[in-house]
Visitor: 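Take this structure, written in structure tokens, and hold onto it; I'll ask about it next.
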Amino acid sequence: MFAPDTLKNRVAFITGGAGDIGFEIAQTYGRLGARVVIASRNQTRLEEALSTLQQQGIEAAAIATDVRDADQVKRAIDQTVGRFGALDILVNNAAGNFHCPTAGLTPNGWKTVIDIDLNGTFYGCLAAYEHLKRSAHGGSIISIITMLGLTGWPGAAHAAAAKAGILSLSRTLAVEWGGDGIRVNTISPGPIGDTEGAKRMYLDTGRGDLERRKTALNRFGAKADVAHAAVYLASDMAGYVTGDNLVVDGGRWLKYVAA
Ligand code: HXC
């Protein structure tokens, strides 16, 4: 268990923060003392998520944002600093994905996912940089990717390429921005139950049982598993950790199960 003040006095901006893993991170950060801003496209989901956070006594705000639009991302991050006075943690979590064999993927289908995942992450990093530089705690960027970005992901070439791009971007920024006191890391979740991603990619395609067996631990993970990794990386406990990719996948990438 983390101490209740692990993230006290920190401000976090979380893209895709209204749902699934993003919301779990927002809630967990808030319970550990952070003020959190959640950014998602869907206003209704945002309002519900914000109200759930506030009911728990978490100081939070919600800003409707499409991460494909660099101006919207910059405006949302500037508003975060206007409201809470600083930005200490950026979590690039927003993602789009759908199962589609590559031969049937249209250029616009490809572009849509690259725009959300890779370009959205770049826009976030760019807009956050000057603020993170001024963080009293040292800035922290955490991006949610997947080891399938490195191994390849049949049926999701767009997302795999985007996630591999985010890993590369993160390692570049870890070095470029390390001197500014900004740490840049990624987390690679495996199959996480109760998420839109697992539903779309695994359950709806009839691969649920196979995907479970592909993990060394023989089970899907929980959203909290990813949130706890995100707490660690954002906290002082990871003060000397940068350019890392923390794998939270139940040992999936090391195990091979024939399809
Ligand atoms: C083939 C598809 C498609 C599908 C969309 N497209 N869905 N092609 N199969 N199932 C194509 C469209 O035909 C179109 O191309 C282009 O993609 C853009 O589609 P739109 O519907 O106009 O885009 P938009 O409304 O902006 O929606 C974006 C989206 C959508 C990514 C397509 O799925 C979305 O909003 N997703 C957000 C939620 C999400 O995906 N969550 C899961 C992320 S989890 P054309 O050529 O026709 O114009 C994750 C990790 C998963 O990433 C981990 C595994 C467990």
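Both ligands and their constituent atoms are indexed starting at 1 by order of listing. Numbers for residues simply follow the sequence, beginning at 1.
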Visitor: Which one holds for His158 and ligand 1: side chain close, backbone close, both close, or neither close, with close meaning a heavy atom under 4.0 Å?
Guide: neither
Visitor: Kindly say whether Val37 contributes a backbone atom to a donor-acceptor pair with the side chain of Arg83 at under 3.5 angstrom?
Guide: no
Visitor: So, Asp69 and Arg41, do they make that salt bridge, N to O below 4.0 Å?
Guide: no
Visitor: Starting from atom 43 (C) of ligand 1, what is the nearest protein heavy atom, named by residue and atom, and what distance separates them?
Guide: Ala95 O, 3.5 Å
Visitor: Is Asn97 close to ligand 1, meaning an N/O of one under 3.5 Å from an N/O of the other?
Guide: yes
Visitor: Tell me yes or no: between the side chains of Asn218 and Arg213, is some donor less than 3.5 Å from an acceptor?
Guide: no
Visitor: Measure the distance from atom 53 (C) of ligand 1 to every protein heavy atom, then report the residue, atom name and distance (to 0.1 Å) of the closest one.
Guide: Trp153 CH2, 3.8 Å
Visitor: Starting from atom 17 (O) of ligand 1, what is the nearest protein heavy atom, named by residue and atom, and what distance separates them?
Guide: Gly109 CA, 3.3 Å
Visitor: For atom 26 (O) of ligand 1, what is the closest protein heavy atom, and at what distance to 0.1 Å?
Guide: Arg68 NH1, 2.8 Å
Visitor: What protein heavy atom sits nearest atom 1 (C) of ligand 1, and how far off is it?
Guide: Phe98 CE1, 3.5 Å
Visitor: May I ask you to identify the nearest protein heavy atom to atom 48 (O) of ligand 1, giving residue, atom name and distance to one decimal place in Å?
Guide: Asn108 ND2, 2.9 Å
Visitor: Please say whether more than 12 non-hydrogen atoms of neighbouring residues, nucleotides or ligands are located less than 6.0 Å from CG in Asp194.
Guide: no
Visitor: Does the distance from a Lys or Arg side-chain N to an Asp or Glu carboxylate O, for Glu196 and Lys199, drop under 4.0 Å?
Guide: no
Visitor: Atom 13 (O) of ligand 1: which protein heavy atom is closest, and how many Å away?
Guide: Thr106 OG1, 4.9 Å
Visitor: With respect to Asp117, determine whether any N or O atom, backbone or side chain, lies less than 3.5 Å from an N or O atom of ligand 1.
Guide: no
Visitor: One thing to verify: whether Arg75 and Asp78 come together as a salt bridge, which I'm taking to mean a side-chain N less than 4.0 angstrom from a carboxylate O.
Guide: no
Visitor: At what distance is the nearest protein heavy atom to atom 25 (O) of ligand 1, and which residue and atom is it?
Guide: Arg41 NH1, 4.5 Å
Visitor: For atom 29 (C) of ligand 1, tell me which residue out of Thr146, Thr112, Ile144 has the closest non-hydrogen atom.
Guide: Thr112
Visitor: On a heavy-atom basis, I'd like to know which of Arg207, Lys163, Arg200, Met201 is closest to atom 33 (O) of ligand 1.
Guide: Arg200
Visitor: Would one find an N or O of Tyr202, backbone or side chain, under 3.5 Å from an N or O of ligand 1?
Guide: no
Visitor: Check each heavy atom of Cys100 against ligand 1 and say whether those closer than 4.0 Å belong to the side chain, the backbone, both or neither.
Guide: side chain
